[in-house]
Amino acid sequence: MNLPYYSSFSPSPGLAFLSLEDAFEVLAESSEFREMEGPCLAFRRAASVLKSLPWAVQSLGATRDLPCLGEHTKAVMEEVLQCGRSFEVEKILSDERYQTLKLFTSVFGVGPKTAEKWYRRGLRSFTDVLADRGIHLNRMQQSGFLHYGDITRAVSKAEARSLRNVIDEAVRAVSPAATLALTGGFRRGKEFGHDVDFIVTTPEPGREKSLLPNVINGLKKQGILLFCEYQASTFDTAKLPSYRFEAMDHFAKCFLILRLEASQVEGGLHCAEGDGRGWRAVRVDLVSPPMDRFAFALLGWTGSRQFERDLRRFARVTQRMILDNHGLYDKTKAASAHFQCIGQSGEPFELRAEPESGVRRIGAADRQGRHPVTAVSRQALPGGQ
DNA sequence: ATTGGTGC
DNA sequence: CTTTTGGC
DNA sequence: AAAAGC
């Protein structure tokens with residue numbers, strides 16, 4: 001197993017200059033570990049707003065008209081712009097609890113609760129965790145440790161393209177009429193990602209239930225399935241919108257770790273220096289909504305996380321609607337009349353989401369003559385429910 | 001059966 | 001001043 | 001922590 005060195009943010013002063021985005025990400029993460037949800041969100045927004053700018057901020061004056069930046073964030077910015085470091089950020093980076101929780105949560109299958117549990121047991125390293133006879137790792141965490149080096153390594157665009165071919169072949173063998181769409185960060189145009197996300201749907205009635213299980217079987221037969229957690233659909237149009245407190249959508253989906261052969265990647269694998277295996281493990285997610293929900297699923301899974309959050313808040317507070325991965329609902333219509341998206345019987349639309357920006361994104365896009373959200377049309381269902 | 005993990 | 005922040 | 005609501 002490849003253990004990480006503490007590399008992401010070097011606490012050694014003078015060497016690594018901190019970017020403003022990184023500084024806010026550290027503050028956000030620290031707030032998250034301390035269960036301060038408000039400050040966490042505020043720092044995430046600050047980071048997101050700076051990321052959305054076409055230029056790098058070089059002076060405090062340039063941030064005068066930007067939203068989501070207040071007293072605290074501007075004080076940090078002043079420090080970082082002045083000398084490339086922040087006292088508060090460095091204090092966090094040198095904090096043992098922060099370092100340990102950051103390390104533990106970097107393992108696939110380990111979230112804040114589990115990381116905290118291990119920390120309270122006095123564990124401080126992977127060696128500590130793996131040597132502790134009282135710790136039982138679930139299947140996901142076992143895979144997380146087993147493939148740690150590979151799945152913490154960034155996935156390149158070329159690797160994502162290659163995986164598209166692999167998935168496309170497996171899908172086509174099951175349902176030739178199926179639609180496969182790349183989502184997540186790579187759909188947003190990113191050069192690197194931590195995984196590769198796809199949405200797969202079939203117009204063939206009755207096929208949707210067996211589609212994902214059959215695709216998974218195909219990958220298994222190829223011998224490239226290193227890990228699979230399959231979640232069957234719990235989607236039910238009669239129960240929309242869902243009032244239950246649930247983070248995830250109800251579509252059939254699977255969280256995979258696949259073996260990707262170097263020979264299938266144009267320009268080779270994104271791998272470590274002396275890695276002669278000729279393959280690497282990659283995290284892949286497949287989501288399979290019913291065809292008529294394709295657009296909403298695509299919108300929801302294209303991200304970014306901050307964009308999804310802001311978009312839903314925008315739908316609620318200014319449009320008086322509820323948006324989720326399953327649909328768009330008008331709160332002002334009786335009995336939660338529900339709105340359908342184009343593409344029910346025909347072509348799913350091309351979503352032009354442009355995430356990675358802050359709360360002002362929609363307005364900014366409009367000013368530039370782009371309309372990232374207008375693809376979701378207000379076409380009422382017959383009968384109106 | 002519940003918690004915590006998975007995701008954008 | 002209090003409330004809201006993905007009624008994920 | 002920042003913004004919105006009262």
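Proteins get letters first, then strands, A, B, ... in listed order; numbering begins at 1 in each.
For A/Y230 against A/K209, the heavy-atom pair with the smallest separation is OH-O, 4.1 Å. Summarising the geometry of A/R293 relative to A/H326, their closest heavy-atom pair is NH1-O, 2.8 Å, with the distance given to 0.1 Å.
Atom CZ of A/R277 is surrounded by more than 12 heavy atoms from other residues, nucleotides or ligands within 6.0 Å. Within a 6.0 Å sphere centred on CD of A/E37, other residues, nucleotides and ligands contribute 12 heavy atoms or fewer.
Base pairing annotation: B/dG7 forms a Watson-Crick or G-U wobble pair with C/dC8, both donor-acceptor distances under 3.5 Å.
Nucleotides C/dC8 and C/dT4 place their C1' atoms 15 Å apart, quoted to the nearest Å.
Counting 5' to 3', DNA chain B first comes under 4.0 angstrom of a heavy atom of chain A and last does so at the ends given by B/dG4 to B/dC8.
Map A/D195 and A/G111 each onto its nearest nucleotide of DNA chain B; the residue landing nearer the 5' end is A/G111. Summary of the strand contacts: A/W301 and A/P112 both lie near DNA chain B, and taking for each the nucleotide with the nearest heavy atom, the more 5' one is attributed to A/P112.
A/I322 places its CD1 atom 10 Å from the P atom of C/dC8, with the value rounded to the nearest Å. Atom-to-atom, CD of A/E32 to C1' of D/dA1 comes out at 15 Å; the value is rounded to the nearest Å. For A/L41 and C/dC8, the CG to P distance is 13 Å, given to the nearest whole Å. Distance CZ (A/F251) to P (C/dC8): 18 Å, rounded to an integer number of Å. At whole-Å resolution of the value, CD in A/E246 and P in C/dC8 are 11 Å apart. Across the protein-nucleic acid pair, A/E37 atom CD and C/dT3 atom C1' stand 15 Å apart, rounded to whole Å. What separates CG of A/L299 from P of C/dC8 is a distance of 18 Å, to the nearest Å.
Taking 4.0 Å as the cut-off between side-chain N and carboxylate O, A/E261 and A/R280 do not count as a salt-bridged pair. Salt bridge status for A/E35 with A/K113: present, with a side-chain N to carboxylate O gap under 4.0 Å.
Residue-level contact check: A/T73 touches the backbone only, with heavy atoms under 4.0 Å from sugar-phosphate atoms and none from bases. Base contact: A/G38 has a heavy atom under 4.0 Å from a base atom. Among the atoms of the strands shown, only primed sugar atoms or phosphate atoms (P, OP1, OP2) are found under 4.0 Å from some heavy atom of A/D285. At a threshold of 4.0 angstrom between heavy atoms, the contacts of A/M248 include nucleobase atoms, whether or not backbone atoms are also involved. A/R283 comes within 4.0 angstrom of the backbone, heavy atoms only, and of no base. Note on A/Q141: nothing from the nucleic acid sits closer than 4.0 angstrom, heavy atoms only. The residue A/N325 sits apart from the nucleic acid: no heavy atom pair falls under 4.0 Å. Contacts of A/Q231 with the nucleic acid, taken as non-hydrogen atoms under 4.0 Å apart, include base atoms. As judged by a 4.0 angstrom heavy-atom cut-off over every strand, A/H194 is placed among residues touching the sugar-phosphate backbone only.
For C/dG6, neither phosphate oxygen OP1 nor OP2 lies less than 4.0 angstrom from any side-chain nitrogen or oxygen of A/R312.
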What are the atom names and distances for every N/O pair under 3.5 Å that joins the protein to nucleotides 3-6 of chain D?
unit_1	atom_1	unit_2	atom_2	d
D/dA3	OP1	A/C68	N	2.8

Open item on the list: What verdict does the salt bridge (charged side-chain N to carboxylate O under 4.0 Å, His left out) test give for A/R97 and A/E116, after you've listed the backbone C-alpha separation in whole Å, the side-chain angles of each residue and the deciding distance to 0.1 Å?
Closed with: CA-CA 9 Å; A/R97 186 180 124 90; A/E116 180 74 48; 2.5 Å; yes
TODO: Would you sort out whether A/E78 and A/K74 count as a salt bridge (charged side-chain N to carboxylate O under 4.0 Å, His left out), showing the intermediate values?
DONE: CA-CA 6 Å; A/E78 188 162 27; A/K74 283 187 175 165; over 6 Å; no
Open item on the list: For a salt bridge (charged side-chain N to carboxylate O under 4.0 Å, His left out) check, start with the C-alpha distance between A/R161 and A/E266, then their side-chain angles and the critical distance, and finish with the verdict.
Closed with: CA-CA 9 Å; A/R161 274 195 296 268; A/E266 250 182 281; 5.3 Å; no
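Taking only side-chain atoms of A/F43, from C-beta outward, the nucleotide of C/dG6, D/dA1, C/dC8 with the closest atom is D/dA1.
A distance of 13.5 Å separates CZ in A/R124 from CH2 in A/W118, rounded to the nearest 0.5 Å.
In this structure, the ring of A/F108 has its center no less than 6.0 angstrom from the ring center of A/F255.
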